**Student:** 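After the structure tokens below, expect a handful of questions from me.
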Amino acid sequence: MEFTEFARAETPRLLGLAYALTGNPHDAWDLTQEALVRVAVRWRRLATQSPGGYARTVLVRLNIDRARRGRRELLTERAPDHAAPVEVVEELPSWLLDALDTLTPQQRAAVVLRVLDDLDHAAIATRLGCSAGTARSHLSRGLARLRELAPSMTGEQEDG
């Protein structure tokens with residue numbers, strides 16, 4: 001498989017994961033592009049291994065680094081001439097995006113990897129670069145926080 005084929009096939013999955021991690025389609029696209037660049041640089045070595053797994057691991061770690069840095073954005077006087085095309089496959093409910101924003105980057109990544117990629121504690125730990133026990137703790141705390149913030153089944157319901 002050539003890198004171009006890989007990128008074409010893997011981009012929607014990476015973009016969905018990135019959107020769940022960031023809650024912002026533009027940040028998701030930035031993370032996806034950076035992950036693909038890093039795969040491309042190492043393509044010769046990765047092509048025979050697991051480039052998709054490597055790309056998802058890089059994407060998760062890039063997001064954690066991005067959140068740690070506390071991105072500083074420069075405001076300009078001019079808006080861009082046109083919006084960059086970003087396709088979000090599936091919108092997340094607004095309460096869920098708000099709730100995910102309250103989690104630490106590691107908790108959010110653990111929850112997203114568990115729910116979207118159906119990874120076990122060991123695989124989450126590998127992606128996060130921590131021990132399985134730490135991954136288990138991030139996942140447990142993140143899910144507990146989401147349960148606290150989720151609209152009740154009998155109470156308020158969100159529009160979308």
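None of the values given here were measured: they were computed from a predicted structure. Values below: all heavy atoms of this structure, side chains included; hydrogens, waters and symmetry mates excluded.
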**Student:** Between A109 and L21, what is the shortest heavy-atom contact and its length?
**Tutor:** CA-CD2, 3.5 Å
**Student:** For a quick test of reading the model, state the closest non-hydrogen atom pair linking A35 to V58 and the distance between them.
**Tutor:** CA-CG1, 3.9 Å
**Student:** Before you tell me yes or no, could you show the steps for L116 and R13 under side-chain contact (heavy atoms from CB on, under 4.5 Å), namely the whole-Å CA-CA distance, both residues' side-chain angles and the distance that decides it to 0.1 Å?
**Tutor:** CA-CA 10 Å; L116 290 185; R13 184 175 180 183; over 6 Å; no
**Student:** May I ask you to test the V112-D117 pair for a side-chain heavy-atom distance under 4.5 Å?
**Tutor:** no
**Student:** Are V60 and V37 connected into the same hydrophobic cluster when the rule is that any two of I, L, V, M, F, W, Y join if their side-chain heavy atoms are below 4.5 Å apart?
**Tutor:** no
**Student:** Apply ring pair (Phe, Tyr, Trp, His ring centres under 6.0 Å) to Y54 and list each qualifying residue two or more places apart in sequence or on a separate chain.
**Tutor:** none
**Student:** According to salt bridge (Lys or Arg N to Asp or Glu O under 4.0 Å), who are the partners of R136, at least two apart in sequence or on a separate chain?
**Tutor:** none
**Student:** So, R108 side chain and L103 main chain: donor-acceptor pair closer than 3.5 Å or not?
**Tutor:** no
**Student:** CG of L96 to CG of L146: how many Å apart, nearest 0.5 Å?
**Tutor:** 6.5 Å
**Student:** Rounded to the nearest 0.5 Å, what separation is found between the NE2 atom of H138 and the OG1 atom of T104?
**Tutor:** 6.0 Å
**Student:** Determine whether a donor-acceptor pair (N or O, by modelled atom type, separation under 3.5 Å) exists between the side chain of S137 and the backbone of G133.
**Tutor:** no
**Student:** Any side-chain to backbone donor/acceptor pair from R114 onto L139? Under 3.5 Å, distance only.
**Tutor:** no
**Student:** Please, which pairs that meet salt bridge (Lys or Arg N to Asp or Glu O under 4.0 Å) have at least one residue in residues 137-151, sequence neighbours excluded?
**Tutor:** R145-E148
**Student:** Counting only pairs under 3.5 Å, give me each side-chain donor-acceptor contact of residues 118-126, with atom names and distances, residues two or more places apart or in other chains.
**Tutor:**
unit_1	atom_1	unit_2	atom_2	d
D120	OD1	A122	N	3.3
D120	OD1	A123	N	2.8
T126	OG1	A122	O	3.0

**Student:** So which atom in T22 and which in D101 form the shortest heavy-atom distance, rounded to 0.1 Å?
**Tutor:** O-OD1, 4.4 Å
**Student:** Got a salt bridge between R66 and D30, using NZ or NE/NH1/NH2 to carboxylate O under 4.0 Å?
**Tutor:** no
**Student:** Stepwise, does the side-chain contact (heavy atoms from CB on, under 4.5 Å) test hold for L62 with R38?
**Tutor:** CA-CA 11 Å; L62 284 170; R38 292 187 182 197; 3.5 Å; yes
**Student:** Salt bridge (Lys or Arg N to Asp or Glu O under 4.0 Å): which pairs involve residues 41-52, sequence neighbours left out?
**Tutor:** none
**Student:** Show the nearest heavy-atom pair for residues L149 and T102, with the distance to one decimal.
**Tutor:** CD1-OG1, 3.5 Å
**Student:** Identify every side-chain donor-acceptor pair in residues 2-12 under 3.5 Å, counting partners at least two apart or on other chains, and give the distances.
**Tutor:**
unit_1	atom_1	unit_2	atom_2	d
E10	OE2	R56	NH1	2.5
T11	OG1	A7	O	2.5

**Student:** Is there a side-chain contact (heavy atoms from CB on, under 4.5 Å) between L17 and L113 once you walk through the steps?
**Tutor:** CA-CA 8 Å; L17 176 61; L113 290 170; 4.1 Å; yes
**Student:** Please give me the minimum heavy-atom distance between A20 and L100, naming the atom from each residue.
**Tutor:** O-CD1, 3.9 Å
**Student:** Over all heavy atoms of both residues, which pair between W43 and P51 is shortest? Give the atoms and the distance, please.
**Tutor:** CZ3-CB, 3.6 Å
